[in-house]
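Let me begin by presenting the structure, written as structure tokens, before commenting on it.
Computed from heavy atoms alone, side chains included, the values below leave out hydrogens, waters and symmetry copies. FYI, the numbering just counts along the sequence from 1.
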Amino acid sequence: MAARHEVGRYVYWSDRAVQQVAEENGIELTGRRTWTLGLSLIGLQGGIGPQQRVTRNRLGEARRIERHLGTAVTESLDLEPVASYVKGVGKVEFAEFAAWHTRDAAVMHVQLRNAHGRRVDLCLFGSKDNVRGFGPSDGFADGWTSSAAPAIEELLRTRGRQNTSQWDDPQSRSVEALKIALDQGFSSTTDHRGHPETRGFTIGHGGDCEFVAEIYTDVVLDPTRWHLEGESAGAERIMVGRPLWIRTMTPDAVVRYAELRNGPGWARRRRLRALRSLTRRPQAEITPPEVSAAALETTEAGSPDPARRRRFSQAQD
């Protein structure tokens, strides 16, 4: 029987991020190449060639990266900033990121506690194309969006090395990233506390997920400076970066917020409607009568149709 952590599925996998980290750190993702020996009885011919991989082993690639990075991947979260890579296990919430200049962006949030009880918020940004297990219409665009979105886009684009925004210090920009992760889609007429599915742009969450993320900024907030409200209240340490991968540790750990909003049978009803639309008999089309090419020809200018001339002369009489 497979170990518990070997049974699950990736709800986020960034080929671009994984490949970039591997190239920058000299990591061979495919492992050692194996060879096969072939022998043909006709003419006693033999050959040797590389073995063709049938199924991509993402779990193997992830483990190679973790082993190679070693202590560069922080797990305890007890050390003070700055962390380069973080791994952990927790509930990961997924939402669309209402960016200004980036299409199909996603934001993921994880809240953890270190050994001393300090709260750690991870705000991870990536592409919706890398999110798995959710439908394209699971989110809905409604509610508050942040004017700090361009500042966060710059943070991600420069990997935290540049800040030309009005949030010109690490703490203030990190707080804006946390507000996007926890408050985007907020409506003043709804109590969202404990119910992220009621906010706009939210997609769902994966419970009991293991993840590895590259961290661009890592700050500890000054408690005398910040008095945050709502879901951000009580924040102490904020990490902002991008996920390499997020993997559920059980196959059924994904919760789609569209089902919470519309009822448990929502996904099934959508599938049935799609099937019915495919199997529905098409209605007969009403086509105009065919017109011969001769009927489309016009008479010469100045030579009106004789029948029309007769009707016109009769009307004058």
For Phe201, the rest of its hydrophobic cluster, which grows through side-chain links under 4.5 angstrom: none
Hydrophobic cluster (4.5 angstrom, side-chain heavy atoms) - remaining members for Phe186: Trp144
Pairwise distance [atom1]([X]) to [atom2]([Y]) - rounded to 0.5 angstrom:
| X | Y | atom1 | atom2 | answer |
| --- | --- | --- | --- | --- |
| Arg58 | Trp245 | CZ | CH2 | 11.5 Å |
| Leu112 | Leu77 | CG | CG | 6.0 Å |
| Ser14 | Leu124 | OG | CG | 11.5 Å |
| Glu61 | Trp13 | CD | CH2 | 5.0 Å |
| Ile65 | Asn25 | CD1 | CG | 8.5 Å |

Could you tell me which residues satisfy side-chain contact (heavy atoms from CB on, under 4.5 Å) with [X], sequence neighbours excluded, listed by chain and number?
| X | value |
| --- | --- |
| Gln162 | Glu154, Thr158, Thr164 |
| Glu75 | Lys87 |
| Pro170 | Val219 |
| Asp168 | none |

Arg132 side chain to Thr248 side chain, donor-acceptor N/O pair below 3.5 angstrom: no
Run the salt bridge (charged side-chain N to carboxylate O under 4.0 Å, His left out) test against [X] and tell me which residues pass, sequence neighbours left out.
| X | answer |
| --- | --- |
| Arg9 | none |
| Glu153 | none |
| Glu231 | none |
| Arg67 | none |

Donor-acceptor contact present, side-chain Gln184 to main-chain Glu96, <3.5 Å: yes
Side-chain donor/acceptor of Arg199 to backbone N/O of Leu182, under 3.5 Å: yes
Residue pairs passing the ring-ring contact (aromatic ring centres under 6.0 Å, His included) test where at least one lies in residues 83-114, sequence neighbours excluded: Phe94-Phe134, Phe97-Phe125
ring-ring contact (aromatic ring centres under 6.0 Å, His included) contacts in which one or both residues fall within residues 155-180, not counting sequence neighbours: none
